[in-house]
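FYI, the numbering just counts along the sequence from 1.
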Amino acid sequence: MTSEQPHPNTFQVDLRGLVDLLSHHLYSSPRVYVRELLQNAVDAVTARHALEPGAEIRIRLSAAGNRVTIEDSGIGLTAAEAHSLLATIGRSSKRGDDGAGLNGHGLETTRQEFLGQFGIGLLACFVVARRIRVITRSARDPRAAPVEWLATDDGSYTVRELPADARPEPGTTVILEARPGAEEWMAPAKVEQLARDYGSLLPYDITFDDGSGDRPRQVTDRPAVWDRAFPTPAARRVALAGHCAALFGFTPLDSIDLDLPVAGVRGVAYVLPEPTSPAHRSGHRVHLKGMLLTDKADSLLPDWAFFVRAVIDTDTLRPTASRENLYDDETLSAVREALGARVRTWLAELAASDPERLAAFLSVHHLGVKSMARHDSELLGLMLPWLPFETSDGSMSLEEFAAAHTDIHFTRTVEEFRQIAPIAAAHGLGVINAGYTYDADLLALLPSVRPDLKVTELDAGAVTERLDPVPTSAELALAPFLATARTRLEPQSCDVALRAFQPVSIPALYLDDRQARQERDRTAALDSADSLWSGILGALRGSAPRARLVLNHNNPLIRRIAALPDEALTATAVESLYGQALLMSQRPLRPADATLLNRAFLGLLEWATHPGGSAVTQEGQK
């Protein structure tokens, strides 16, 4: 028994269905039809130039009366090639049957020279056209007659030879007639705008005629602004700033050349003049051999380079099938890393030679740079010394601050910093405000970049040690006053210390740290817990330091309060000092603190209105 080989069949393609697929799923917008027209024309003249280097090169685009026409002096087609290439879906005129590079007309060349690589060709034009007419004459076969290829969106086409005078010279003319509802895409202004957007960097001169009788206008604008010669660096910066404003709508803080000859990449990155979120993915513009591929390439640069918008031209990066984005492969990964290195080099050069421009950049983008530096060790090492921080010596970079302080302390809240900053500055204590977003994380990483620096969170003991001690004789003389103060503030879990510090105008300083706050929270939980949890929380009691009220012996008010003969009035005054210091620290008040403040305020009012009454002072203690 013999098995019969099955007869192969050919797929039948519904053109209407395919056009719908293209317009709704492959291409993001009908606007790509202009790109396809330009691309076919550029590829045709590229092939003609390879065949006849001295041939006149010409591409003319026009639009009028719901009709778009493009004429080129390219390689052209014979009748057989029109049948084979224009009506066969998926066949590229740049690819031979063996996969080698061909220009579609028997001319060996490298595929790198052409824009089109997926063989969809004129099919995309059916997204906006109901009929496509192609009149072409081959440059490869001078004896071949001109050919007309006429196709409609119902999937049918005809090919016929024309008289020799129908097109005397080699080349191709493509005429599109708008389909109902697509007329807006063939309006002259729209076609010209799309042609300029897509084709401004193409390697051949392209003109546009709007049918008004005016002289055709130039579409291409070459060389690219970053490749032009300028008399001075300042003139180049001005030109690049104007290009950025026209392209992206903003005037950049600076521009960064993106030149990777080995990767076939040339372009420029513009630094945004306003803050932007690192989570925002910037849309970069990518031209492929001069043709705009996309203005939404969000994977061209590393995520940390969120502060720039780039525009490049490349001949090595691989496009997706729709030719509207980049294929994320090893080549793109290598280019992305190299472009990131260019941006890093720019930052390093600013840091080394132009600190004013670096400061201007960081004044805008420091928050975003801080966010990304937490996760990028290279960026951290490069930028951390230059990032601005609020310190006890004023706003400055870590590089400047570390030159004066090798022991660096930081506070986790803005309020704590603002209370301690003037005192720390007066006594040479280096404190950084880490209450802002990302600052605490970055300071924790600082020793990995600068091992010679010691970074610790500020605690009450460290501050107290830096303040000047009071002579022993003076402290012994004030022992009864200090005992009264400590007894009065014991319910607030607050110790009392006596020191002499600047500025004199501050009578008392409330010092707290994270351990003290945790201990107070544990104690509060213990007071409200049941017997089981009370036992557990009690077992967790540690020796963590408590909050501390540091009284300033240099302040005259403290000395007057210490000399009061009435112990009850002294206690009320201590409570008032505690409340004032607590308010100055801008910390949230606990219910017990609010009660103490209210009691101290009313007690002082009672004493002020009845200065000699013992009953009043006793009432103030309740």
Determine yes or no for a side-chain-to-main-chain donor-acceptor pair under 3.5 angstrom, with N552 supplying the side chain and A508 the backbone. no
Contact between W346 and V271 at the side-chain level, heavy atoms closer than 4.5 Å - yes or no? yes
Heavy atoms of P503 and I423 approach each other most closely as CD-CG1, 4.1 Å
Donor-acceptor pair, distance only, cut-off 3.5 Å: does the side chain of S371 make one with the backbone of L367? no
Over 12 foreign heavy atoms within 6.0 Å of CZ, F601: no
Side chain to side chain, L443 and L398, heavy atoms closer than 4.5 Å: yes
Salt bridge (charged side-chain N to carboxylate O under 4.0 Å, His left out): pairs with one or both residues in residues 292-307, sequence neighbours excluded: R281-D303
Mutual orientation of the aromatic rings belonging to F250 and F248 [parallel < 30°, tilted 30-60°, perpendicular > 60°]: parallel
For S200 against H287, the heavy-atom pair lying closest together: OG-CE1, 4.4 Å
Residue pair R309 / L272, side-chain heavy-atom distance below 4.5 Å: yes
Test log, rule side-chain contact (heavy atoms from CB on, under 4.5 Å), inputs S299 and L332: CA-CA 8 Å; S299 59; L332 177 58; 3.7 Å; yes
Testing T251, I256, L253, V311 one by one against Y270 for a side chain to side chain contact (heavy atoms under 4.5 Å, CB included), which residue passes? V311
Testing the basics here: between L339 and V265, what is the closest heavy-atom pair and its distance to 0.1 Å? CD2-CG1, 4.4 Å
Can you find a heavy atom in the side chain of D468 that is under 4.5 Å from one in the side chain of R499? no
Could you walk me through whether L445 and L380 satisfy the side-chain contact (heavy atoms from CB on, under 4.5 Å) test, starting with their C-alpha distance in whole Å, then the side-chain angles of each, then the deciding distance to 0.1 Å, before giving a yes or no? CA-CA 9 Å; L445 295 171; L380 175 70; 3.9 Å; yes
Step by step, work out the side-chain contact (heavy atoms from CB on, under 4.5 Å) result for T406 and K454. CA-CA 6 Å; T406 54; K454 180 182 178 182; over 6 Å; no
As a quick check of understanding, evaluate side-chain contact (heavy atoms from CB on, under 4.5 Å) for D407 and L453, giving each step before the final call. CA-CA 6 Å; D407 287 347; L453 299 179; over 6 Å; no
Could you tell me if the ring centre of Y578 sits under 6.0 Å from that of Y510? yes
Measure from the side-chain N and O atoms of R488 to the backbone N and O of V574, and report whether any donor-acceptor pair falls under 3.5 Å. no
Going by salt bridge (charged side-chain N to carboxylate O under 4.0 Å, His left out), name the pairs with one or both residues in residues 392-401, residues two or more places apart or in two chains. E399-R450
Quick test of your reading of the model: are R266 and D227 salt-bridged, counting only N-O distances below 4.0 Å? yes
Salt-bridge contact R374-D439 (side-chain N to carboxylate O under 4.0 Å): no
In a check of side chain to side chain contact (heavy atoms under 4.5 Å, CB included) between L551 and each of V470, L478, L498, which one passes? L498
Close side-chain approach of D328 to R336, heavy-atom, < 4.5 Å: yes
Can you find a side-chain donor-acceptor pair between T314 and T316 that sits under 3.5 Å? yes
Looking only at heavy atoms, the pair that brings I432 and I408 closest together is CD1-CG2, 3.6 Å
For the side chain of N433 and the backbone of T391, is there at least one donor-acceptor N/O pair under 3.5 Å apart? no
Which residues satisfy the side-chain hydrogen bond (donor to acceptor under 3.5 Å, both in side chains) test with S392, sequence neighbours excluded? none
Face-on cation placement of K370 at F389 ring, 6.0 Å and 45° thresholds: yes
For the rings on F361 and W386, is their centre-to-centre separation under 6.0 Å? no
Search all heavy atoms of E575 against all heavy atoms of A600 and return the closest pair with its distance. CB-CB, 3.8 Å
Taking S353 for its side chain and L350 for its backbone only, find out whether a donor-acceptor pair lies under 3.5 Å. no
Close side-chain approach of R344 and M383, heavy atoms under 4.5 Å: no
Distance-only, no hydrogens or angles: does the S333 side chain make a donor-acceptor pair with backbone N or O of D329 under 3.5 Å? no
So how far is it from L489 CG to L596 CG, rounded to the nearest 0.5 Å? 7.0 Å
Reference residue R285; test side-chain hydrogen bond (donor to acceptor under 3.5 Å, both in side chains); the match among T294, D197, D313: D197
Salt bridge (charged side-chain N to carboxylate O under 4.0 Å, His left out) for D257 and R236? Distances and angles first, verdict last. CA-CA 11 Å; D257 282 318; R236 187 174 190 271; 2.9 Å; yes
Between H366 and L387, what is the shortest heavy-atom contact and its length? O-CD2, 4.3 Å
Just by modelled atom types, is the T572 backbone N or O under 3.5 Å from a matching donor or acceptor in the S576 side chain? yes
